[in-house]
Number of protein chains: 2
Amino acid sequence: MARASTTSDAFNAVAEPRRREILSYLAGSERPVGEIVAALGLEQPSVSKHLRVLRDVGLVRMRCVGRQKLYQTNAAAIRPLHEWAGTFERYWQHQLNRVKERAEAMARQGPVFNSPEPNPNLKSKEK
Amino acid sequence: MARASTTSDAFNAVAEPRRREILSYLAGSERPVGEIVAALGLEQPSVSKHLRVLRDVGLVRMRCVGRQKLYQTNAAAIRPLHEWAGTFERYWQHQLNRVKERAEAMARQGPVFNSPEPNPNLKSKEK
DNA sequence: ACATTACATTCCGATATAGGAATATGTCAA
DNA sequence: TTGACATATTCCTATATCGGAATGTAATGT
């Protein structure tokens with residue numbers, strides 16, 4: 001089996017950086033394809049293909065006006081992603097607290113003198 | 001060019017549903033590989049391969065204890081994802097407000113009798 | 001009708017995947 | 001040492017991608 005289709009869900013669709021850029025660009029207001037091409041400096045067919053993927057998973061909405069098609073981000077479709085990531089919030093806060101506590105404990109134990117070459121692998125110097 | 005590597009960033013890594021399951025399972029506490037295999041009902045090599053990807057992008061941390069390796073989700077690495085999705089929050093709230101306003105406007109105008117089959121394609125009834 | 005504009009789709013090629021099977025590595029135990 | 005256990009890696013194949021080039025399609029202007 002290969003990797004899941006980009007159109008299988010929002011997670012796969014936003015894995016592509018350009019698609020994320022497009023979503024950000026189209027978040028506030030609807031824009032024709034040409035403006036996306038100009039603004040992001042991509043090839044037109046490339047933009048069309050990305051928009052197709054985004055449309056298939058419901059991340060953008062399209063409206064025809066004359067010969068142009070106006071796209072806009074359907075922000076609600078990004079919510080599940082936000083919520084999934086949010087389920088980890090309490091855990092990263094936990095970790096941050098641990099780092100903070102460790103730093104404070106070390107500070108109480110007295111200052112540490114500089115080593116000549118700060119070694120990024122040594123985490124002993126935080127704070 | 002093909003699709004970006006799953007190890008290129010967290011967005012690509014979490015595109016795979018099983019990897020999301022693994023991250024959720026390992027969020028609270030560290031677990032050996034065997035438990036993940038048992039809990040999620042996957043093949044052991046498959047789990048090892050997913051863990052490799054997650055480790056490469058920093059989404060999990062590993063610690064060796066005897067002959068087993070304990071993995072735990074590095075929740076902080078999920079934060080960028082949460083924050084990116086969060087930049088769209090005001091937009092989906094906007095959309096929700098519009099829906100709400102429309103509903104209230106309709107309520108003020110008096111109750112509408114049920115149409116036999118609510119057709120989602122008909123947008124002609126707003127206001 | 002014809003040219004032009006605005007997009008979408010198709011065809012191509014290189015690459016990266018995920019699962020399955022088999023195998024390799026590393027650690028503990030007798 | 002030998003063997004059992006825990007995990008990782010390799011090899012394989014089918015598939016799906018992304019970009020680029022070329023082409024298709026639909027609406028507008030003259």
Are A:Leu70 and A:Leu23 joined in one hydrophobic group, where the rule is that I, L, V, M, F, W and Y side chains link up if heavy atoms are under 4.5 Å apart?
no

Rounded to whole Å, the CD-C1' distance (A:Glu35 to C:dT5) equals 15 Å

Base, sugar-phosphate or nothing for B:Pro32? Non-hydrogen atoms, less than 4.0 Å.
sugar-phosphate

Measure distances between side-chain N and O atoms of B:Gln44 and base N and O atoms of D:dA8, and say whether any donor-acceptor pair falls under 3.5 Å.
yes

Residue A:Gln68, side-chain heavy atoms: nucleotide from C:dC7, D:dT7, C:dG19 that is nearest:
C:dC7

If you look at every strand shown and take non-hydrogen atoms under 4.0 Å, does B:Arg55 touch a base, only sugar-phosphate, or nothing?
nothing

Closest to the side chain of A:Ser46, out of D:dT15, D:dG19, C:dT4, is D:dG19

Could one point to a donor on the side chain of B:Lys49 or the base of C:dG20 with an acceptor on the other under 3.5 Å away?
yes

As a test of reading the structure: which of C:dA8, C:dC7, D:dA8 is closest to the side chain of A:Leu51, going by heavy atoms?
C:dA8

Winner on side-chain proximity to B:Arg18, out of C:dG20, C:dG19, D:dA8, is C:dG19

Specify the residue among B:Arg3 and B:Val33 whose closest nucleotide of DNA chain D lies further upstream toward the 5′ end.
B:Val33

Chi angles and distances behind the side chain to side chain donor-acceptor pair (under 3.5 Å) call for B:Thr87, B:Glu83:
CA-CA 6 Å; B:Thr87 61; B:Glu83 274 162 16; over 6 Å; no

Take atom CZ in A:Arg61; do more than 12 heavy atoms of anything else shown fall under 6.0 Å from it?
no

Taking any heavy-atom pair under 4.0 Å as a contact, classify A:Ser48: base, sugar-phosphate, or nothing.
base

Upstream residue (5' side of DNA chain C) when A:Arg31 and B:Ala4 are each assigned their closest nucleotide
A:Arg31

Is the phosphate of C:dT9 approached by A:Arg52 (side-chain N or O, under 4.0 Å from OP1 or OP2)?
yes

Is the phosphate of C:dA16, meaning OP1 or OP2, less than 4.0 Å from a side-chain N or O of B:Ser5?
no

The single option from B:Trp84, B:Phe88, B:Trp92 passing ring-ring contact (aromatic ring centres under 6.0 Å, His included) against A:His82
B:Trp92

Among C:dT17, D:dG19, C:dA8, which is the nearest nucleotide to the side chain of A:His50?
D:dG19

Contact summary for A:Leu59 and A:Ala77, nearest pair of heavy atoms
CD2-CB, 3.7 Å

With a 4.0 Å limit, can you tell me whether B:Tyr71 has a side-chain N or O closer than that to the phosphate oxygens OP1/OP2 of D:dA6?
no

